[in-house]
Each structure stands twice: as C-alpha cells, then as structure tokens.
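Just below is one structure, and these are the notes that go with it.
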Amino acid sequence: MSQSNIPLSHLRALYAMMCRIRAFEDAAEIASKGGVAAFGQAAGSTAHVRGPLHLSTGQEAVPAGVCAHLRPADYMTSTHRGHGHTLAKGADLAGMMHELFGKATGFCGGRGGSMHIADFSVGMLGANGVVAAGIPIAVGAAQSIKIRASHGNPDAIAVTFFGDGAINRGPFAESLNWAAAFKLPLLFVCEDNQWSATTKTGAMSAGEGAAARARAHGLVAETVDGNDVGAVSETARALIADIRQGKGPALLHARTYRFKGHVSVDPAAYRDPKELEAALEHDPLVLAARKLIQLGINVADVDSIMQAAREEVAAAVASADGAAWPDDAAAFTEIQSMGAGQWL
Amino acid sequence: MSQSNIPLSHLRALYAMMCRIRAFEDAAEIASKGGVAAFGQAAGSTAHVRGPLHLSTGQEAVPAGVCAHLRPADYMTSTHRGHGHTLAKGADLAGMMHELFGKATGFCGGRGGSMHIADFSVGMLGANGVVAAGIPIAVGAAQSIKIRASHGNPDAIAVTFFGDGAINRGPFAESLNWAAAFKLPLLFVCEDNQWSATTKTGAMSAGEGAAARARAHGLVAETVDGNDVGAVSETARALIADIRQGKGPALLHARTYRFKGHVSVDPAAYRDPKELEAALEHDPLVLAARKLIQLGINVADVDSIMQAAREEVAAAVASADGAAWPDDAAAFTEIQSMGAGQWL
Amino acid sequence: MAVMTYAAAAASALNDAMRADPAIVALGEDLGRGGIFGQYAGLLAAFGPERVIDTPISEATIVGAAVGMALTGLKPVVEMRVIDFALCAMDEIVNQAAKNRFMFGGQGRVPAVIRMPIGVWTSSAAQHSQSLESWFAHVPGLVVLAPATPQDNHALLKAAIACGDPVAYFEHKELWPLQGEVDADQRTEIGKAAIRRVGSDITIVSWSKAVHWSLEAAEALAAEGIQAEMIDLRTIWPWDRDAVFASAAKTGHVLIAHEAVQAAGFGAEIAATLAEAGNAKLARLGAKRAPVGYAPNLEAAVRVTPAVIAAKARALLGR
Amino acid sequence: MAVMTYAAAAASALNDAMRADPAIVALGEDLGRGGIFGQYAGLLAAFGPERVIDTPISEATIVGAAVGMALTGLKPVVEMRVIDFALCAMDEIVNQAAKNRFMFGGQGRVPAVIRMPIGVWTSSAAQHSQSLESWFAHVPGLVVLAPATPQDNHALLKAAIACGDPVAYFEHKELWPLQGEVDADQRTEIGKAAIRRVGSDITIVSWSKAVHWSLEAAEALAAEGIQAEMIDLRTIWPWDRDAVFASAAKTGHVLIAHEAVQAAGFGAEIAATLAEAGNAKLARLGAKRAPVGYAPNLEAAVRVTPAVIAAKARALLGR
Ligand SMILES: Cc1ncc(C[n+]2csc(CCOP(=O)(O)OP(=O)(O)O)c2C)c(N)n1
Ligand SMILES: Cc1ncc(C[n+]2csc(CCOP(=O)(O)OP(=O)(O)O)c2C)c(N)n1
Ligand SMILES: [Mg+2]
Ligand SMILES: [Mg+2]
C-alpha cells in the first residue's frame with residue numbers, strides 16, 4: 001500500500017502532524033545543546049532542555065500514520081524517543097515543550113522530562129527510559145480493556161511503539177507470546193530506524209526481524225516503508241480495524257531512518273555520512289509534500305503548513321521559557337500515599 | 001528419523017542410559033516422600049531427599065539421545081529437572097545421589113541439592129532453580145569456546161536443556177538471537193513434557209512453539225518424537241555434527257511427557273488420569289526395550305540391563321545414606337575470596 | 001472468627017476483596033489450581049479466568065502487564081511465587097511500578113500488590129531461600145509489608161490492595177501452613193506495628209517468620225526472669241518508629257532480629273535510626289526517599305550536597 | 001604518571017589488563033565505539049571484536065553469558081551502562097553470578113566484573129539516576145567497589161578483574177570527565193579505604209561522587225576551625241572497618257554521607273555497626289552473609305534461631 005490510495009484531506013492532515021513533530025524536534029534540539037555530558041560533549045548550564053534528549057527527526061511518518069487511526073480511549077506506550085508518538089496521539093504540544101524545559105506547567109510538572117513524557121488525558125501512558133519496558137505495560141493496558149469491556153470502550157485498543165534494537169530484549173518476546181495467548185487488542189509497532197544508539201542494529205539482530213518473530217508467536221505482521229506516511233497509514237488502518245474487531249494482536253514493522261545522533265548532543269561521528277545523505281533523499285516530509293503537490297495543492301499552501309507548525313512550536317518555546325519552575329516541594333509529592341513525608 | 005536406523009549396539013547403550021535415569025528417579029522419588037511442604041503435603045523430617053525434587057521420569061529418551069553425541073569437552077546447562085541430563089553427560093551416579101541426600105560427598109558437598117546438581121568435571125555446568133536461567137549461561141559457554149578456540153577443543157559445543165514452559169521467558173528469545181548473531185556452537189534442546197508445573201503449557205504458548213521461534217531468529221530447528229530414543233539420537237547427531245562444523249546454533253524440539261507430578265510430592269490431582277494413561281503407552285523405555293527385542297536381543301538380556309541399573313542405584317542410595325554430612329563450616333566456605341570470613 | 005492457615009487467610013482476604021471490588025484481578029503462574037501453596041484456592045471458580053489469570057512463565061511481563069492494568073483502572077494482585085523469581089522482574093517493579101506516579105507527575109497510579117514470598121523453605125537452597133525486603137525499603141514509591149500471622153495476612157493483604165500504592169508484599173514460605181484465628185472484619189493499618197508481648201527489660205523488633213522465633217526466645221528469657229517486649233513490625237515501610245522508640249525508651253535495650261542477611265539488611269536501618277536519635281555523635285546523610293526529578297531544582301532537592309554535609313557535621317559537633 | 005579522566009583511566013586499566021591476560025574480554029552495548037562515555041576508547045582497535053564484544057540490547061543475556069564465559073575460563077568485564085538497566089539482569093547477577101561458586105560446592109568460579117554506573121546525571125531523571133550499592137552489599141558472594149578518583153578507577157578495576165570473585169563495580173556518571181593523576185603501577189587493595197584528608201574533630205565516611213562533596217564540606221569546615229577526617233571507603237564490601245573504627249576512636253564523631261537514598265542505604269550498615277560496637281544496648285541479628293545451603297545442617301548454620309536471639313538478648317543485658 002502507498003500514499004496514492006489515500007484521500008487528499010487525509011494526507012494533508014498527516015503532513016500537518018509530521019510538520020508539527022519535525023518543528024518540535026528541531027526546536028528541542030536547539031534548546032538542548034550542552035544539556036548533557038556524553039559523546040565527549042560537556043554539559044553547560046545554559047541549555048533549556050537538559051538530560052538525554054532523543055529526537056525522532058526523520059521518523060515522523062510512523063507516529064503520524066499509525067496514530068491517525070487511534071482514539072482518545074485507546075492507550076499508548078512509547079520509548080525514550082517518544083515526542084512524535086505523544087504529539088500524534090493528540091497531546092498538547094506546549095505541554096510537552098514545557099515538560100522538556102522542566103517547568104511546573106509541563107505534563108509531569110517538571111518531574112519527568114523527555115524520557116518520561118506522558119499525557120494520560122489522551123491515553124498516552126508514557127515514554128520510557130528503559131528499552132522495551134513500555135511493551136509489557138501496553139500488554140497490561142490491552143488486557144485491561146478486555147477485562148473492563150463493560151466499562152465503556154469495548155473496541156478500544158492499545159498500541160506500543162519500540163525500536164529495532166528493542167526487539168532483542170526479552171520483554172518483547174514475552175509480550176508477543178502473552179498478547180497472542182490472550183488474544184489482546186494490541187498493535188505492536190517496531191519503528192525501525194536501523195540504529196541502536198551507536199550500533200547498527202543489523203549485525204545484532206538475527207533472522208528476519210520483528211515481523212518474523214511476531215509471526216512465530218502467532219501474530220499477524222506487516223512490513224511497510226516507514227517514510228511513506230500514506231503506506232503507514234493504510235497498513236495501520238487495516239491492522240487496527242482487525243484488532244478492534246477482536247481478531248487479536250498484530251505487529252507493524254515500519255522501516256525508517258534516524259536523521260540525528262542517538263541523543264541530541266551526539267554528532268554520530270561513527271556513521272558513514274553517505275548513509276545519512278542517502279536517507280535524506282527519503283525524508284518523509286519531503287516525500288509527503290511532493291505527493292501533496294502532485295495531488296494539486298500548491299507549493300505555498302504546503303509551505304504554510306510547515307510554517308504554521310514552526311510558529312506553534314516557537315510560541316511553545318517562548319511560553320515554556322517564561323514558565324515557572326516547579327516548587328522545590330514538588331520533589332516530595334506524588335511519590336506514594338502511605339508513608340508520605342517519611343523521607344529518611 | 002526413527003529408531004530403525006540406528007545400530008543395535010548404539011540402541012542398547014541408549015537403553016542402558018535410560019534405565020539408569022529411570023532407576024535413579026524412582027529411587028530419588030521414594031527417598032523424597034515428605035521432603036517438602038507444597039501441594040497440600042506437609043514436610044516430615046524422615047525424608048532422605050529434602051526440598052523440591054523434580055523428576056524426569058518418562059523423559060529419559062531426550063537426555064540419552066542427545067548426550068550420546070557429546071564429549072567431555074562439551075558444555076551443558078540444565079534446569080530444575082536435571083538428573084537425566086547430568087547422568088547422560090557422564091556424571092557419576094553416586095555423586096549425584098549423595099548430593100540429593102545432602103552429603104559432604106555429593107557433587108556440591110551438600111550445598112546445592114537436586115536443583116543445583118552440577119559436575120564440572122564432565123562439562124555439566126549446572127542445573128538451575130530459575131526457569132530459563134541456564135540458557136544464557138550456555139550461550140556464554142559457547143561463545144567462550146569460540147573465543148578460546150586455540151585452547152584445545154575448537155570443535156567443542158555447548159548444549160542447553162530447557163522445558164516447554166521456559167520458552168515464554170525472555171532470556172530464551174534473547175539467547176536465540178544472540179547465539180545466531182554470533183553464530184555460536186550451541187544446541188538448544190526444548191524438552192517438551194507438555195506441562196509447566198500445574199499448568200498445561202499449550203494454552204500459555206502462542207504460535208507454533210519452540211522450533212518456529214528458533215527459525216524466526218535464524219536458527220535451524222527440528223522437531224522429534226522425544227519418546228523415541230533412536231529418533232532423538234539420530235536427529236541430535238545430525239544437528240550436532242553441523243554445529244561442530246561451525247554452521248551455527250540449532251534447536252531440537254523433543255516432544256515427551258512428564259509421568260510424575262511437578263515435584264515428587266505433587267500427586268498431580270489437576271491432571272486428567274486418562275492423559276497419563278495414554279502417555280504411559282508411549283513409555284520411552286518400553287518402546288526401546290520392544291525394539292531391542294525385535295532386533296533380536298532376548299528378553300532376559302533386556303531385563304538384565306534394567307536390573308543392573310537398579311542395583312547401581314541401590315548401591316548409591318546405600319552409600320549416600322551412610323555418608324557423612326558436610327561440616328557445619330561448609331556453610332561458610334566457597335562463597336567468595338575477598339572478604340571471606342566477614343559474615344556480618 | 002475462624003481458624004485458618006496463613007495461606008487460606010490470604011485466599012479468603014482476596015476472595016472478600018474481589019467480591020467487593022470488580023477492579024481487583026489476580027495474575028501469576030498456576031493460580032488457576034489455587035497456587036502451589038493453596039494461597040489462591042477457590043478463586044478461579046469464584047471469579048473466572050478473566051480475573052484470576054493464569055500466566056505464561058514471563059515474570060517481567062507479569063509485572064509489566066500489572067503496571068499497565070493498574071494504570072488503566074484495575075487493581076492487580078501479582079504472584080511471583082518466591083522473591084528469588086521476582087529478580088526476573090526488577091526493572092518492572094523498581095523502574096516502572098515504583099516510579100510511575102512520580103515520573104509522570106501524578107498522572108498515573110499503580111495500585112498493584114506484588115506478592116514475593118521470602119525466607120528459607122526446607123532445603124530449597126540458595127535460589128529459593130532469600131529475604132530481600134531491605135532492597136524494597138530502599139526504593140521510593142513502594143510500600144513494604146511482611147505479615148507474620150494468618151490474621152495479619154488477611155488484614156494486611158486487604159489493606160495493601162486498598163492503599164493505592166504499589167506494595168511489595170512479603171509472605172513467608174514456612175508460614176503457609178501456620179494456623180491461627182482470623183477475624184475477617186479486623187482492620188490492620190499500614191505502618192502500625194503490633195506489640196506481640198509486653199515486657200520491661202528488652203525490646204525485640206522483628207517481622208515475618210522471625211517474629212515466631214523471637215516470641216520463642218522471649219519465652220525462654222521469661223523463664224530466666226527477663227521480660228522481653230516483642231514488636232512485630234509488620235510494615236517495613238513506612239515503619240512504625242513511634243512504637244519502636246517508645247518501647248526502646250521503656251526497656252533501654254533493643255535487639256532487632258530478622259531472617260534476611262544481616263549485612264545491609266533492614267535491621268541496619270532501624271539500628272542506625274535508633275543510634276542517631278540516641279547518640280549525638282553519629283549521623284547518616286543520604287538522598288531523600290524520593291525518585292530523582294527532572295527539573296534542576298527537583299534534582300537538587302533530594303541530593304546530598306557539600307553544604308548539607310557541612311551543616312550536619314556542625315550539628316554533630318554542637319556548633 | 002599521567003593526567004587522565006576517570007573514564008580514560010578505566011579504558012587504560014582495561015587495556016593494560018587485556019594486554020597481560022588473554023582471558024579477559026569485555027562485553028556490552030556500544031563498546032565498539034568506545035562506549036557512550038569513552039570508557040572503552042581504543043579497545044576494539046587493540047583487541048578485536050572477539051574480545052571487545054558489541055552485544056544486542058539483551059541485559060539478561062549479557063550477564064548470563066558472562067557467567068557462562070567466566071565458568072569456562074574467561075574473565076569478562078560486563079558493561080551495564082547505568083545501574084538502572086542492570087535491573088533487567090538481576091536474576092543473572094544475584095541468583096547466578098553471586099551464588100554459583102557456593103551452590104556448586106566450589107566447582108565453578110565467576111570472575112566477572114559487572115560495571116553498573118550509579119548516580120545522578122544532569123536531569124536524566126528517575127530511571128537513570130539511582131545508586132543501589134547497598135543492594136549488592138546484601139548479597140553473599142559479591143564484592144562491591146565504588147571508586148571516586150581516576151587513580152582508583154584504574155587500580156580498582158584491575159584489582160576487580162584479578163580478584164576472582166564476581167564484582168559489582170560502581171562508577172559514577174558525573175565522575176567520567178573528572179581529571180586526575182594516574183600511576184598505572186599503583187595497586188589498590190580491595191577492602192582498604194583511603195584517608196583523603198586527615199583531621200581530628202569529626203570523621204566523614206563516604207564513597208564515589210560524595211567523596212568530593214565531603215572534601216568540599218571539609219574545606220568549608222576547616223575555614224571555621226573544624227578539622228574533618230575524610231575516609232573514602234572505596235570498597236563497600238568487604239568494607240574497611242578498621243579504618244573507620246580507628247578514625248572514629250580518634251575524632252569521636254562520625255558522619256556517613258552517600259548519594260544513595262538514605263533509607264536502607266549502606267550508610268545504615270556502617271552506622272549500625274558503629275552503634276552496636278559503641279553501645280552495649282543495641283544489637284542486630286540476621287543471617288550470615290552466606291548463600292543458603294541445601295543440607296539441613298548447612299541451612300541451619302546461617303539462620304537466626306530462637307536460641308541465638310535469646311543468647312544475644314542475654315548478652316545485651318549483661319547476663
Ligand atoms: C534496558 C536498556 N538497555 C540499554 C539502554 C540504553 N539505550 C537507550 S536507547 C538505546 C538504543 C535503542 O535502540 P532502538 O530500540 O532501536 O531505539 P532507537 O534509539 O533507535 O529509537 C540504548 C541501548 C536502555 N535505555 N535500556
Ligand atoms: C523464573 C521462574 N519462574 C517460575 C519458577 C517456578 N517453576 C519451577 S519449574 C516451573 C515450570 C517449568 O515448566 P517447563 O519449563 O516446561 O519445565 P518442566 O518443569 O516441565 O520440566 C515453574 C513455573 C521458576 N523456578 N523460575
Ligand atoms: Mg533504532
Ligand atoms: Mg514442561
């Protein structure tokens with residue numbers, strides 16, 4: 001399946017979401033320079049976004065295409081590289097930027113930051129600092145939907161995003177088995193950007209990859225060009241429709257590419273520049289924009305979509321910058337109810 | 001492949017090993033009655049074998065058939081149900097019985113017991129009280145063979161036994177991937193007795209089982225009737241020959257049946273008695289004995305093999321019974337070198 | 001009032017709780033047959049396989065899934081069989097269940113009870129005999145309970161399920177068959193110790209199976225004219241400092257006895273707390289029992305700093 | 001003598017060790033590119049991919065495989081990146097690596113060094129900021145090290161590899177860039193603390209990054225006329241009681257400062273040990289720091305019993 005099959009208005013909406021993600025990541029990247037010591041970089045004190053910041057630049061088509069078919073009652077878990085998923089699930093862009101800036105007005109009141117972005121109000125149950133750890137949580141959310149079927153949204157589903165490197169952690173396999181054994185309404189999405197931190201995933205992964213592993217556990221699985229937002233959307237649509245009908249879990253393997261380093265301060269010196277150059281030829285935003293133009297939207301219109309996204313993000317940055325830090329006391333609230341106040 | 005293809009002398013040797021395992025398990029079972037509190041049973045103080053005792057009665061063809069092709073330089077890891085594997089790897093029967101009795105003369109000086117049987121002198125690197133935990137250890141042993149190729153036994157291999165329930169733990173999948181990615185000389189043996197403690201494994205395992213999961217990770221995999229010792233042996237022979245030649249890891253899925261409860265004091269009241277009855281029709285020892293007689297060995301000869309095994313075991317029980325307990329001081333040795341003696 | 005075993009008390013409490021609240025589910029291996037020790041007896045028949053869930057042998061996913069269930073409206077009771085196997089799910093317990101509420105700024109709650117039986121159990125050797133309760137006391141976000149009697153296993157299990165926090169719940173393998181009277185309506189507050197024996201000469205603080213040994217020891221001492229006061233802590237976190245300090249003030253002597261390895265066991269925390277309070281010349285400084293926050297000020301708020309160290313040193317020296 | 005960072009010191013020590021002993025291998029994620037912090041810089045080029053092993057993201061199998069390697073003649077150095085991810089491998093560390101030698105009666109040895117960087121690290125929040133060294137002190141079979149300087153990271157890493165025991169090795173994430181002089185020939189004995197500053201008024205005991213804060217605090221105190229003696233423990237297990245007790249006897253005041261959560265942190269063990277020794281009215285009893293053995297007498301030998309409790313109570317009361 002490819003872009004050509006989807007209606008213009010849908011492609012336009014997908015493109016708008018991709019632009020918002022791209023603009024968000026670009027702004028976060030700038031705000032994070034000097035934000036953490038790694039890859040030979042020192043941490044400065046001037047960065048607005050501190051700590052490890054994992055950018056999904058270049059991977060926007062996957063969350064945009066998948067989440068177009070999700071509803072607020074559907075649950076999602078994500079990874080350390082979760083801004084795109086969060087936005088695409090419908091979370092407020094400014095709330096996320098405020099959280100990256102560590103402000104009281106962020107989604108987590110400044111307690112979590114980029115690796116712990118979450119917006120439970122739209123079903124986004126959390127990014128995760130531990131590779132593959134979000135997968136079993138989504139399994140539980142999917143099982144909960146089944147168990148609580150009478151409680152309102154019987155055809156809700158859960159979706160879990162994870163990377164190509166994550167498929168080599170045990171919880172991935174455990175979760176495939178579990179989801180299939182209980183026939184849970186769960187979509188696994190392997191967002192395959194070909195890299196695991198500084199390591200090419202290929203050499204570390206035996207066999208035919210995520211889809212083959214899923215099939216071996218009895219799941220339906222599809223592989224798709226993850227830079228073709230139309231293809232992602234159409235494939236996800238079909239899989240999600242089946243899941244909603246109770247046909248059990250499925251896996252979507254989307255091939256894409258990580259344009260940036262592992263974290264925002266990583267210059268990715270270990271990577272052949274040609275590989276990046278080649279990948280940039282398949283920038284999912286460029287591909288989608290080209291298609292929109294083919295379909296008759298004029299260039300200025302297309303540009304205005306990105307322009308609007310950049311403006312939205314700039315406003316978010318400005319407001320995040322001006323927002324208040326959490327009270328120091330917030331370090332000691334929302335920990336637990338029993339024994340609250342007993343720190344020592 | 002089946003028994004008919006293997007030479008009589010080989011089948012006879014396999015049968016003899018199976019008899020030793022059966023005789024061992026039968027004697028251990030008797031010695032363990034009242035040895036642990038579980039399944040509604042109380043622990044008495046008269047048992048000679050204490051703690052959880054997992055019997056491999058009915059599963060003898062798997063270790064016998066596989067280990068016939070192993071050498072002392074090959075490594076093995078096993079499970080909580082490891083007596084058969086240990087014997088078949090060439091360990092001393094009496095040393096194991098002494099360990100089950102907790103005596104100073106046992107393999108582990110009474111420190112380990114049934115769940116921690118090991119005989120490093122024949123490459124048997126340990127049973128394990130944690131399901132699936134032996135698998136990554138075997139991965140490391142196999143990698144070590146490759147790394148130390150110059151050190152003597154370049155075509156040595158490692159083999160790891162595990163149950164059908166164990167394939168749903170993450171380390172199994174991680175290890176499949178790892179072994180294939182590094183092309184390690186490792187044979188995975190799934191000894192499928194259809195049960196995981198009190199639970200039928202089928203309902204808990206999605207997809208086509210161990211072999212399918214192995215193939216999805218790029219391994220060669222074969223399924224065999226695990227009660228047909230000739231078939232096990234022939235299939236293992238072929239897989240092991242390829243592994244020795246550097247063709248990478250493989251998996252053998254052997255279907256068998258657990259004649260006893262999960263532990264020796266478990267009456268398996270949860271199991272349909274008909275299932276056991278049907279399984280007893282395929283007792284691997286009966287099948288092998290029948291075949292030996294078909295091939296011309298007379299009944300008395302066949303009986304004498306089992307008789308010899310029972311005598312060997314009886315002698316081991318008697319000597320274990322008479323052997324000394326470990327010194328109390330053994331509770332505090334062989335823990336660690338640095339800081340030895342600092343208990344508090 | 002009924003006489004029942006420690007195992008049956010747990011099953012009965014869970015039965016009561018599940019009957020009262022449809023959000024409660026139980027999951028783990030072999031639950032359908034009542035659990036290896038009967039601690040889930042009768043529940044499958046009463047509540048069906050959607051609420052009494054037999055799981056694959058997948059400890060990481062058992063706890064991970066429980067976190068997902070808890071975040072979405074259920075109250076899972078999770079069976080790990082023995083603490084030793086819970087080591088296969090430590091990321092899920094410590095990084096996910098315990099920290100979720102804080103990391104996400106209070107958006108999520110993880111009302112999950114994770115049952116991890118501790119203790120030595122008739123020759124089950126090194127991988128089935130550990131007692132690791134002190135680990136969990138060290139982890140912000142967790143409640144830590146260790147009942148010693150059928151009555152407490154009934155009442156504390158209910159309290160654990162109701163409390164809304166993730167709970168590390170430690171039953172003891174050698175206590176499963178222990179018989180005792182159980183009043184199903186009795187409530188036991190989390191954080192309140194029980195004085196199992198009143199005495200004037202020495203305070204013995206303990207929990208779990210060691211409570212019974214301590215009581216046995218107290219009887220032996222009584223025969224010699226020594227009256228021991230025996231405190232069953234029951235809650236390891238938040239532990240009942242008031243009860244311990246009051247008894248210590250009365251008897252002037254405190255012995256803490258637990259089955260876990262002494263080195264870095266929870267007895268050290270109690271002893272250190274008593275010592276600091278009673279001795280102006282000894283102090284500890286460590287991070288607050290809070291997860292580390294992201295915003296720079298939140299991160300700084302829990303840390304030990306040179307200024308804090310210097311201040312504490314001055315205080316110790318009375319300057 | 002050369003000046004190098006804490007990260008470079010580790011790389012240099014490992015380089016020396018690997019050159020001298022072909023049995024040493026390193027494994028973990030991203031090692032081939034020198035590790036995210038440069039702590040493996042240059043090693044792949046020097047020793048090739050069979051000895052500097054880039055692994056899949058499979059923490060459980062990284063440690064499990066290291067156990068298998070160690071049992072069969074290799075000496076693996078295992079990278080976990082941060083202690084938080086080591087929670088994905090706790091069965092392998094605690095049930096397998098730590099207990100192997102004992103369970104199998106001395107047949108196996110696990111000379112593996114498991115590197116699990118601890119500590120807060122610039123806004124990396126709750127899942128990348130833990131310090132869990134006290135957990136490992138609680139586990140029989142493990143050596144526990146926590147170097148604070150480039151020199152110690154060089155010398156202790158070598159000592160760890162050479163010692164033959166499984167070692168929980170805790171570097172600190174904020175110390176990677178710390179510069180210092182390193183004498184490659186200097187040996188540091190496991191179990192020996194370093195007196196970083198001599199003083200007469202108060203003893204500050206610390207380790208890892210908190211050593212530097214403690215020294216900073218000591219400077220501030222000195223300006224006020226308070227002379228603090230600063231002990232860098234370096235080895236958490238077996239810890240240097242002699243050094244701590246000697247200094248405590250001299251100064252009469254002890255402050256223990258660590259970055260880990262205070263509750264059930266290793267500071268409690270030190271404080272409790274000092275308190276018990278100095279105060280005849282307080283004692284702890286727990287199991288010996290030994291794995292639980294199978295034979296009934298071995299099992300009994302490590303346990304706390306009513307008789308032991310009663311005896312300790314008598315001793316406390318001077319009877
Ligand atoms: C259990 C665990 N191991 C290691 C890490 C360190 N780490 C963070 S991201 C990453 C690479 C993950 O690769 P992939 O799953 O492909 O996701 P991507 O970063 O490419 O989005 C690693 C190794 C971690 N966070 N958690
Ligand atoms: C990690 C872990 N989880 C649970 C257990 C408890 N347990 C012991 S054996 C067993 C069943 C294992 O089934 P299988 O792998 O098929 O082996 P079998 O017992 O049939 O030989 C279980 C659940 C354990 N020992 N380790
Ligand atoms: Mg990737
Ligand atoms: Mg089985």
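From a predicted model like this one, the values you see are computed outputs, not experimental measurements. By convention in this document, chain letters (A, B, ...) are assigned in the order of the sequence lines, proteins followed by strands, and residues within each chain are numbered from 1.
- For chain B, the nearby parts of D/Ile62 are the backbone and the side chain; heavy atoms of each come within less than 4.5 Å.
- In this structure, CD1 in B/Ile137 is found 12.5 Å from CE in D/Met69, a value given to the nearest 0.5 Å.
- Heavy-atom distances place the backbone of D/Asp54, and not its side chain, under 4.5 Å from chain B.
- If you measure heavy-atom distances from B/Ile135 to chain D, you find no contacts under 4.5 Å at all.
- Only the side chain of D/Glu269 comes within contact range of chain B, with at least one heavy atom under 4.5 Å from a heavy atom of that chain.
- A tilted orientation is assigned to the rings of D/Phe104 and B/Phe120, their planes being inclined by 30° to 60°.
- If you measure heavy-atom distances from B/Asp328 to chain D, the contacts under 4.5 Å come from both the backbone and the side chain.
- For B/Arg111 and D/Phe102, the positive end sits near the middle of the six-membered ring, less than 6.0 Å away and at most 45° from its axis.
- For D/Gln107, the parts lying near chain B are the backbone and the side chain together; criterion is any non-hydrogen pair under 4.5 Å.
- Annotation: maximal heavy-atom pairing with chain B below 4.5 Å, among D/Ala287, D/Gly164, D/Gly108, occurs at D/Gly108.
- A 6.0 Å sphere centred on NZ of D/Lys312 holds no more than 12 heavy atoms belonging to other residues, nucleotides or ligands.
- Contacts of D/Arg284 with chain B are absent, with no heavy-atom separation under 4.5 Å from either backbone or side chain.
- The residue among D/Gly141, D/Pro22, D/Ala60, D/Gly293 with the most heavy atom pairs within less than 4.5 Å of chain B is D/Gly141.
- For D/Tyr294 (side chain) and B/Lys103 (main-chain N/O), no donor-acceptor pair under 3.5 Å exists by modelled atom type.
- Along residues 73-83 of chain B, the residues that come nearer than 4.5 angstrom to chain D, judged on non-hydrogen atoms, are B/Tyr75 in order of number.
- Atom-to-atom distance recorded for D/Glu276:CD and B/Leu344:CG is 8.5 Å, nearest 0.5 angstrom.
- Heavy-atom proximity under 4.5 angstrom to chain D picks out B/Phe182 from residues 179-189 of chain B.
- For D/Val63, no part lies under 4.5 angstrom from a heavy atom of chain B.
- Highest contact tally toward chain B, considering only D/Thr273, D/Asn95, D/Leu71, is held by D/Leu71 [criterion: heavy-atom pairs under 4.5 Å].
- Only the side chain of D/Trp237 comes within contact range of chain B, with at least one heavy atom under 4.5 Å from a heavy atom of that chain.
- Checking D/Arg101 against B/Thr333 by side-chain atom types alone, no donor-acceptor pair falls below 3.5 Å.
- With a threshold of 4.5 angstrom between heavy atoms, B/Ala173 does not approach chain D through any atom at all.
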Mind running salt bridge (Lys or Arg N to Asp or Glu O under 4.0 Å) on D/Lys99 and B/Glu334 for me, showing each step along the way? CA-CA 10 Å; D/Lys99 302 192 200 311; B/Glu334 300 295 357; over 6 Å; no

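- Looking at B/Gln336 and D/Arg289, their side chains do bring a donor and an acceptor atom within 3.5 Å of each other.
- Taken to the nearest 0.5 Å, the OG1 atom of D/Thr61 stands 11.5 Å off from the CZ atom of B/Phe172.
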